[in-house]
*Asks:* 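If you scroll down you'll find the structure; I have some questions about it.
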Amino acid sequence: MSKIINLNEALKHYFGFDTFKGDQEAIIRSVLDGKNTFVLMPTGGGKSLCYQLPSLLMDGVAIVISPLIALMKNQVDFISNLSEHEGTAHFLNSSLTKSAIDQVKSDIKSGLTKLLYVAPESLTKEENIEFLRTVKISFYAIDEAHCISEWGHDFRPEYRRIRPIINEIGDAPLIALTATATDKVRNDIKKNLCITDAVEYKSSFNRPNLYYEVRPKTRDIDKDIVRFIKQHPGKSGIIYCLSRKKVEDLAEVLRANDIKAAAYHAGLESSKRSETQDDFIMERIDVIVATIAFGMGIDKPDVRFVIHYDIPKSLEGYYQETGRAGRDGGEGICLAFYSYKDLQKLDKFMEGKPVAEQDIGRQLLQETAAYAETSLCRRKMLLHYFGEHYDKDNCQNCDNCLHPSTKIDAKEQLVIALQAILAIKENFRSDYVIDFITGRDTNEIVAHKHHELEEFGAGEDENPKIWNPVIRQALIAGYLKKDVDNYGLLKVTAEGKKFIKKPQTFMVAEDHEFNDDDDAATTEGGTSALDPTLSSMLYDLRRNWSRKLERPPYVIFQDVSIDQMATEFPVTLEELKNIQGVGDGKTRQPYAKAFVELIKKYCEENDIERQYDLRIRTRAKDSMRKLKILQNIDRRIALDDIANALGIDFEELLDELEGIVVYSGNRINIDYFLDEIMDPADVADIYEFFREQETDDLEAAYEEFGNDISENEIRLVRIKFISEMAN
């Protein structure tokens, strides 16, 4: 059939395009020839055309199974605008009234409808199965086919039922399409749909116009994001968060800072979600803050940035979400914030799930952590994950390539790693391998008696931070491979065995360290913008005032405050209030004026052009909560009663109090509560501990007192200490 159709004329007639993109023409011919077809094509590659055009040229109606109602509506509207007749495309889902469903069925029966979009849930309804049995079906298209696989980033159990339902309705050729799929996911899809014979088309995953960067997630993340958006005024962007609450909170922070933003998540009314989508497409708002549900099927080619507030659960999810940037080929900035604590939270969320599901989830999380922490080219690492080789060492468009880390020749370390993997019979994952190499006699290693092997601890004298990058780069170089079907076990390849016999240069950079308490200011490229000379002068000034007032240096100003001063150059007391850990109380201290005068003099003598940062305005809700807490403390209400009244747990209240006292420089009196719950001697001991320390680090206090005194009690005394001594 395809041989007698001039596809270029059909493309021009229906869609107005002169030429096909990439493999589109070959894919369409495969569908027209009645072949089962599998399409792996990145976001923006033109997947929908691969089933839309053949449906218009073939007899019968094409059934398109799609997971999102919004996607269906957009595509039906698009086809309707191309067609001379109403009803060329329809969708069938729970949003339709009975009369609307009757109209859809009438148009299909008459032969008018060429494309029918169906949600998998609607496809399984008995009345729809009965109706579709009476209809000539040209082919089935399974969009977002990765939803079939438990190894995919968006697994949906109802997708597993698609093949049995198709068998009930009636056989026809099938095309499965996805924007993200590893080899494991791809095989899973074809097996489940019974199309192992499918003709396969795999487009390159490389998006050269996308810039990838990972930054440490600090307490100032909201400020970082506001600053970033202000540096890209009027540009369209999407920010992904994992929780609905964070979506709402961040959208409110952005609006408070004059950024046109809206929240989008499944908890909103469908009408509100549709309105938000339309506002984004029509550019009435610039930024959408969303959970992962947003963006699939949104045809907005000029999204200029995608920010991940929380690191995603898998690299497939990350790739698909970043793929919504720069679909027009223009600039696309993909910025992710990473904290190991977030990874631990995601891991904890898996508790209670079936063991197999937990194992899959943890493997996917490990891949995400590896991507975030690596110093390798991010593009190279992403493409390798999807089974594609990228032969350049520097892509010139990611943070690691623009700011490369120093590399060392790790050929000896690689030999140690390869020999270790062979010694333990290639039966373990990378974390076990690293424990074995570094000589950690864990319970698991002892149980397998691997601590008795000659290779145990062969790398214990090396820098322990080198082993993760050695293994990751060995995977990319082809010396190792990961057996995904068997829990990600590491296997030595033939090339790896050759390397053991004849080692050669193997350059490796250590992974990035992500300190969860790192609050150093960063530039857009992720490197420190701190002025080291001014920083040194400010630390000297702090020491002088510390001796003069006989107080620990951090009581004058915390390190994070000094570092921020050396980055943002506040030259008035009003500007000093914008520095983290500085409130009205601090600015009234005698030393505050000395600090701003030193900074002002330094700026004048060194001709420094200040780009003084805006103060990020908080949400009204946050301000009201802080006000209520302060009012209740003034009334001497028990802190646990305050937490209950606000509907938060006690740890959250302590977070709020630390924000009020430690990080904003305010003064409060909680003696009345401490007198009720703690032994005065314990309070005095902890207080004296902080007075004598060079730091107010809680970890040190936990180590000192943790066996006898709870963490919450230690935090409370620290709040009292900072309030009295520093503010």
Side-chain angles (χ1 to χ4, degrees), residues 217-222 241-253 256 267 309-310 339 341-342 344-345 348-349 351 516-517 558 580-581 583-585 616-680 682-687 690 696-699 701-702 705-727:
K217 189 175 185 180
T218 68
R219 294 189 193 99
D220 272 349
I221 180 172
D222 289 1
C241 306
L242 286 176
S243 76
R244 295 178 189 179
K245 183 179 184 303
K246 180 47 67 181
V247 164
E248 295 279 2
D249 289 351
L250 184 57
E252 206 169 321
V253 166
Y309 189 98
D310 304 292
S339 158
K341 282 181 184 172
D342 283 354
Q344 289 173 315
K345 274 186 212 166
K348 198 165 179 60
F349 289 159
E351 290 176 6
D516 287 325
D517 296 318
Q558 292 196 313
Q580 184 173 315
D584 287 332
I616 300 301
R617 290 191 286 278
T618 56
R619 304 175 302 137
K621 237 190 303 188
D622 286 341
S623 301
M624 286 302 295
R625 180 190 277 188
K626 286 181 173 62
L627 184 60
K628 282 181 184 173
I629 291 170
L630 291 171
Q631 287 172 340
N632 283 320
I633 288 172
D634 286 343
R635 291 164 54 205
R636 300 169 72 85
I637 306 292
L639 297 186
D640 45 357
D641 290 339
I642 295 174
N644 289 335
L646 293 172
I648 59 178
D649 60 33
F650 195 75
E651 284 74 16
E652 268 189 275
L653 179 68
L654 290 181
D655 291 342
E656 291 282 2
L657 290 176
E658 285 171 344
I660 290 167
V661 174
V662 182
Y663 307 121
S664 296
N666 294 302
R667 189 171 183 130
I668 61 173
N669 185 347
I670 57 171
D671 287 347
Y672 69 93
F673 185 69
L674 291 173
D675 291 344
E676 285 288 322
I677 68 162
M678 288 185 71
D679 184 324
D682 288 341
V683 174
D685 286 347
I686 299 167
Y687 197 96
F690 283 122
D696 65 336
D697 180 33
L698 280 167
E699 291 296 329
Y702 294 157
F705 300 103
N707 291 333
D708 306 308
I709 302 171
S710 74
E711 289 186 12
N712 284 350
E713 288 172 338
I714 294 169
R715 288 176 72 185
L716 282 166
V717 178
R718 176 175 175 256
I719 288 165
K720 167 185 166 68
F721 175 80
I722 297 288
S723 179
E724 292 176 358
M725 295 292 290
N727 300 337

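Just so it is clear, the structure is predicted and the values come from calculations on it, not from any experiment.
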*Asks:* Rounded to the nearest 0.5 Å, what separation is found between the CG atom of L653 and the CG atom of L716?
*Replies:* 8.5 Å

*Asks:* Check whether any side-chain heavy atom of V717 lies under 4.5 Å from a side-chain heavy atom of M678, and answer yes or no.
*Replies:* yes

*Asks:* Would you find a donor on one side and an acceptor on the other, under 3.5 Å apart, between the side chain of K720 and the backbone of D671?
*Replies:*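 No, because the side chain of K720 does not come within donor-acceptor range (under 3.5 Å) of the backbone of D671.
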
*Asks:* What's the separation between atom CD1 in I719 and atom CG in L654, rounded to the nearest 0.5 Å?
*Replies:* 5.0 Å

*Asks:* Are the side chains of L242 and D342 in contact, using a 4.5 Å heavy-atom criterion?
*Replies:*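 No - every pair of side-chain heavy atoms lies 4.5 Å or more apart.
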
*Asks:* Using 30° and 60° as the class limits, which term best fits the ring planes of F673 and F650: parallel, tilted or perpendicular?
*Replies:* tilted

*Asks:* Which pairs would a plain distance check flag for residues 633-646, meaning a side-chain donor or acceptor within less than 3.5 Å of a matching protein atom at least two apart in sequence or in another chain?
*Replies:*
from	atom 1	to	atom 2	distance (Å)
R635	NH1	N632	OD1	3.0
N644	ND2	D640	O	3.3

*Asks:* Going from CD1 on I629 to CD1 on I648, what distance comes out if it is rounded to the nearest 0.5 angstrom?
*Replies:*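 Interatomic distance, I629 CD1 to I648 CD1, rounded to 0.5 Å: 5.5 Å.
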
*Asks:* Measure the CD1-CD1 distance between I722 and I668 for me, rounded to the nearest 0.5 Å.
*Replies:*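 I722 atom CD1 to I668 atom CD1 measures 11.5 Å (nearest 0.5 Å).
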
*Asks:* Does any part of the side chain of L657, heavy atoms only, come nearer than 4.5 Å to the side chain of R715, both counted from C-beta?
*Replies:* no

*Asks:* Just how far is it from atom CD1 of I714 to atom CZ of F721, taken to the nearest 0.5 Å?
*Replies:* 14.5 Å

*Asks:* Rounded to the nearest 0.5 Å, what separation is found between the CD atom of E656 and the CG atom of L630?
*Replies:* 10.0 Å

*Asks:* Looking at every non-hydrogen atom in both residues, tell me the closest pair between R244 and G267 and how far apart they are.
*Replies:* NH1-CA, 3.4 Å

*Asks:* Carefully, step by step, assess R718 and I686 under the rule side chain to side chain contact (heavy atoms under 4.5 Å, CB included).
*Replies:* CA-CA 8 Å; R718 176 175 175 256; I686 299 167; over 6 Å; no

